[in-house]
2 protein chains.
Amino acid sequence: MGFQRTFKALSDPIRREILQLLRISPLTAGEIATHFSVSNATISHHLSILKDAGLVLDEKQGKYITYELNMTVVDEILGWFYTLKGGDFNEKNN
Amino acid sequence: MGFQRTFKALSDPIRREILQLLRISPLTAGEIATHFSVSNATISHHLSILKDAGLVLDEKQGKYITYELNMTVVDEILGWFYTLKGGDFNEKNN
DNA sequence: ATAATATTTAGATATTTATCTAAATAAGGG
DNA sequence: CCCTTATTTAGATAAATATCTAAATATTAT
């Protein structure tokens, strides 16, 4: 609980696009990087922010690191929006 | 469409709390400000960001300015999260 | 072992952001 | 008319952020 890092993570367009990419299937850091015109180091930085926010999970597979969406946290954020819509799904969160 | 400003607006905890306050009922800028320990000028700044993002609507009433939630944009953002969940509600947005 | 590949970490920099105080704008009340 | 109240705008500043290049780490292949 405490959505600060998650909302911050979602505030960058590259990070949101990464999430949409991962919607289809898990990808390695390198595969993700090919979709953008910034350096690999920058993508790595974005991935670490997404990971920190709980929005993605990573798994080391030999030389590669594969990233995938973490739906659990996506659902928690959805819950926050529903409180806004008048439901009192989980009144405690920020 | 283009959610950049909306997601940016949601990335600040004070602004999210303002939205939750407005969930109950519309409030004036001053009433909103009493809930926080920052200056009125700062709250005014946050309100202008929320307005710019489409998340709130304002209406001048004499000496006061009343702010209220704009559910339309809240719903648009919800749509973005649903695309993540595998639906293809509105594939075009970022 | 050495080289090549995949990814992250470190350090630097320019931009953005949240905040403050002080000044400006606007509306009402005596 | 002035004075008070409500709110925003302007200008300044400190902190956060996105990005880069270069270096470090780790794994696989020759």
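Residue numbers begin at 1 in each chain, while the letters A, B, ... track the order of the sequences. This is a predicted model, so every value here is computed, not measured.
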Rounded to whole angstrom units, what separation is found between the [atom1] atom of [X] and the [atom2] atom of [N]?
X	N	atom1	atom2	result
A:K60	D:dT28	NZ	P	9 Å
B:I32	D:dA6	CD1	C1'	13 Å
A:R5	D:dT17	CZ	P	12 Å
B:E17	C:dA18	CD	P	15 Å
B:D52	C:dA18	CG	P	13 Å
B:Q4	C:dT17	CD	C1'	13 Å

Item checked: Rounded distance (nearest 0.5 Å) linking atom CD1 of A:I32 with atom CD1 of A:I14 ->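 The CD1 atom of A:I14 is 12.0 Å from CD1 of A:I32, to the nearest 0.5 Å.
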So CH2 of B:W80 and CG of A:L19: to nearest 0.5 Å the spacing works out to 5.0 Å
Notebook entry, point to check: Looking at D:dA18, D:dC20, C:dC20, which one has an atom nearest to any side-chain atom of A:R15?
Noted result: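 Nearest nucleotide to the side chain: D:dA18.
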Which one, D:dT19, C:dA18, D:dT17, comes nearest to the side chain of B:H46?
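So the nucleotide nearest the side chain must be C:dA18.
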Give a yes or no on whether the backbone of A:K8 and the side-chain of A:R15 come within a donor-acceptor separation of less than 3.5 Å.
->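 Yes.
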(Q) Any side-chain to backbone donor/acceptor pair from B:R16 onto B:L10? Under 3.5 Å, distance only. (A)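 Judged by distance alone, yes, a pair lies under 3.5 Å.
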Check this one for me: any side-chain N or O of B:S39 less than 4.0 Å away from OP1 or OP2 of C:dT19?
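The answer is no; no side-chain N or O of B:S39 sits under 4.0 Å from OP1 or OP2.
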Given that A:S11 and A:Q61 both sit by DNA chain D, which one's nearest nucleotide is further toward the 5' end?
->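 In this pair, the answer is A:S11.
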Assert: residue with more 5' nearest nucleotide on DNA chain D, out of A:G62 and A:D12, is A:D12
Point to revise | Nearest non-hydrogen partners of A:A53 and A:T6, listed with the distance | key: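 Residues A:A53 and A:T6, closest heavy atoms: O-OG1, 3.1 Å.
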| message | I need the minimum non-hydrogen distance between B:V73 and B:G54, along with the two atoms involved. | response |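 That closest heavy-atom pairing would be CG2-O, 3.3 Å.
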One should report the stems of DNA chain C, each a stretch of at least three consecutive Watson-Crick or G-U pairs at distances under 3.5 Å, as C:1-30 with D:1-30
Per-nt protein contacts along nucleotides 1-14 of chain C (heavy atom under 4.0 Å; B base, S backbone sugar-phosphate only, - none) come out as ----BSSBB-----
Quick one: do B:L50 and B:N70 satisfy side-chain contact (heavy atoms from CB on, under 4.5 Å)? Show the steps, please. CA-CA 10 Å; B:L50 288 169; B:N70 183 5; over 6 Å; no
May I ask you to test the A:I43-A:V38 pair for a side-chain heavy-atom distance under 4.5 Å? yes
Under 3.5 Å side-chain donor-acceptor pair for B:T66 and B:E59: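 Per modelled atom types, B:T66 and B:E59 side chains form no pair under 3.5 Å.
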